[in-house]
There are 2 protein chains.
Amino acid sequence: MSHPDSRIAAVRRFGRFYTQRIQALREAYLDTRFSLAESRVIYELATREAVTATILGRDLGLDSGYLSRIVRRFEADGLLARERSEGDGRTRMLRLTAQGRAAFAPLDARQDALVADMLAELPDAAAAEAVAAMRRIETLLGEEPARGWLLRGLRPGDLGWIVARHGALYAQEYGWNQEFEILVARIIAEAMETFDPACEGAWMAERDGVPVGSVLLVRVDDETAKLRILLVEPSARGLGIGGRLVEECTGFARRAGYRRITLWTHSVLEGARRLYARAGYRIVETQPFRGFGQELTNEIWQLDL
Amino acid sequence: MSHPDSRIAAVRRFGRFYTQRIQALREAYLDTRFSLAESRVIYELATREAVTATILGRDLGLDSGYLSRIVRRFEADGLLARERSEGDGRTRMLRLTAQGRAAFAPLDARQDALVADMLAELPDAAAAEAVAAMRRIETLLGEEPARGWLLRGLRPGDLGWIVARHGALYAQEYGWNQEFEILVARIIAEAMETFDPACEGAWMAERDGVPVGSVLLVRVDDETAKLRILLVEPSARGLGIGGRLVEECTGFARRAGYRRITLWTHSVLEGARRLYARAGYRIVETQPFRGFGQELTNEIWQLDL
DNA sequence: GTCAGTTATCTGCCGATATCAACTATTTCG
DNA sequence: CGAAATAGTTGATATCGGCAGATAACTGAC
């Protein structure tokens, strides 16, 4: 994959870059009547219909006591109204008044202007790319990484992804050497050169636009299909992706008229073995195997359809 | 890509996202003896050899009076030394002492750990993409983007990366179909199965822990080597990476005693052709070629050593 | 229903943070 | 040389922001 340390360094450098250059955009509050914290509070209030102080404090990372004072000041200035909520007598719903919105407008406009100025300095394509990159970061690092994922066919780059992730993950998790990655490249090349969509299949699992799993089903003979290179990224395990990939192969093989599916795995691959067992596969043969810098035990599993 | 207004909104949303989620990374200073401002100061001091207070204040956006006090505190604690600079009697060069570096180390480690934790939660591809996106933003918005990169040997996952990026980039830039990605997988598999480190080489260019280029030099016969699958990511072009990769092959081939290097390319690949020409290669043969869903013209180039 | 425990909000307290302006020591420039 | 600019220091001061304790309201177990 690549040296994690230099990724860490890159993220930290971005942090410094950001606080130095982009952070200026958050300073729109200067020469307004608001402090930074106040401007963040009024932004949230203007964006939402009504909030409780606790939620506001949690979202903005503000101390409840500090926030309480800000709210009191805003109320005294007529910028917001507090109403006891009917459901819970402890909480008060905070809501901007018309006057509050009027006070927010210039701040909001100023923020827009600062951002617009920054973007205007860039060629259009560069601005578009920068914005796209920001969106991408949000998606990738976002709070709740969508539990959603999808199954799709192959796209350019997927074959290489399969090779790369097999190489990197098996090296990391089991210490297998480069022989294995080379073997996967050969398997992929040979399988795809003779690929027949009528009786063979390849599926990728994708989450947030990033591949997180793969599987191949190839023809051996009229009655036998072979499941190959099943892989699920560690970070995407536990979502049922592996099971779904195996299932997809089973369904496809049935429809294509095969009588059985075989596959080849190793006794050390606990997770994969559990998947196969749960899908009804049984071990039909084992044999010692020396390769990838290891002493392994090969297993051939089979599922009768 | 989109309406300027929605770009502005996207940039502002990213600002909020960042201060909420990533900003946590800047809070490594909590439970250390330093305040946020102090931790930023000591970071800068640890990174640079020696600085004046004014430069430090400008770079970090700190008030000179405030900074002066921080510096005095650090000096009292023995973390830094001040020496009158010989050129200008007004300025004092600030420099961390050994004790200062020792005090910085745990803070630095903590920052690294926080970032590492964050990245570890992501699929590898997602982490790589997020880092690349950050880097992209820096390049696009930054004053002068860091131009650093390095040349290294193969690591797990690199072979797959080569296949993936060839597949994805040639599809995107020239519309080549999957045949090409499959061919690259085969080339890689065959080259690596018989790889002989004594007379063959493989190099990756890496930036911020992310691969951005590759090249292979393989043996044809005792007198002839072949340069293959040269690639540089679009985002890393213009840094001289391509030229350096070609040069690395030339040097290696000379040392290994080859008499010539040949390579195989296509007339549409303008950038690569310019590189070869500049390195002294000459076209020795061209022939029409149908493949990858295109009508192309193959070229064989050669460099006599 | 009672009571212990929890949650939402407010208030007092107070050190740390950060800003402004005045001041000294040098340097630079006309 | 003298005025203006620059580097850095210091004093005064506002306010930021975190903590602890108080109060009121809710929740769940019994």
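First the proteins, then the strands, lettered A, B, ... as listed; each starts at 1.
Under a 4.0 Å N-O distance rule, the pair B/R155/B/E206 qualifies as a salt bridge. Comment: B/R16 does not engage A/D59 in a salt bridge, judged by the lack of any side-chain N to carboxylate O separation of less than 4.0 angstrom. Salt-bridge check for A/R237 with A/E173: passed, with a basic side-chain N closer than 4.0 Å to an acidic carboxylate O. A salt bridge does not link A/R40 to A/E44: none of the charged nitrogens lies less than 4.0 Å from a carboxylate oxygen.
Shown for residues 61-71 of chain B: residues whose heavy atoms fall under 4.0 angstrom of DNA chain C, namely B/D63, B/Y66, B/R69. In the region residues 45-59 of chain B, proximity to DNA chain D at under 4.0 angstrom, judged on heavy atoms, holds for B/T52, B/A53, B/T54.
The side chain of B/R90 lies closest to D/dT6 when the candidates are D/dT6, D/dT10, D/dA25.
Heavy-atom minimum distance, A/D108 versus A/Y43: OD1-CE1, 4.3 Å. Minimum heavy-atom separation, A/G78 to A/Q99: O-OE1, 3.5 Å.
Rounded to whole Å, atom P of D/dT9 lies 10 Å from atom CZ of B/R84. For the pair A/L36 CG and C/dT17 P, the computed distance is 17 Å after rounding to whole Å. Distance, A/D88 CG to D/dA24 C1': 10 Å, rounded to whole Å. Rounded to whole Å, atom P of D/dA7 lies 13 Å from atom CG of B/L94.
When each of A/R73 and B/R82 is assigned the nucleotide of DNA chain D with its nearest heavy atom, B/R82 is the one assigned upstream, toward the 5' end.
Between the side chain of B/D63 and the main chain of B/G65, a donor-acceptor pair closer than 3.5 Å is present.
At least one side-chain heavy atom of A/P234 sits less than 4.5 Å from a side-chain heavy atom of A/L169.
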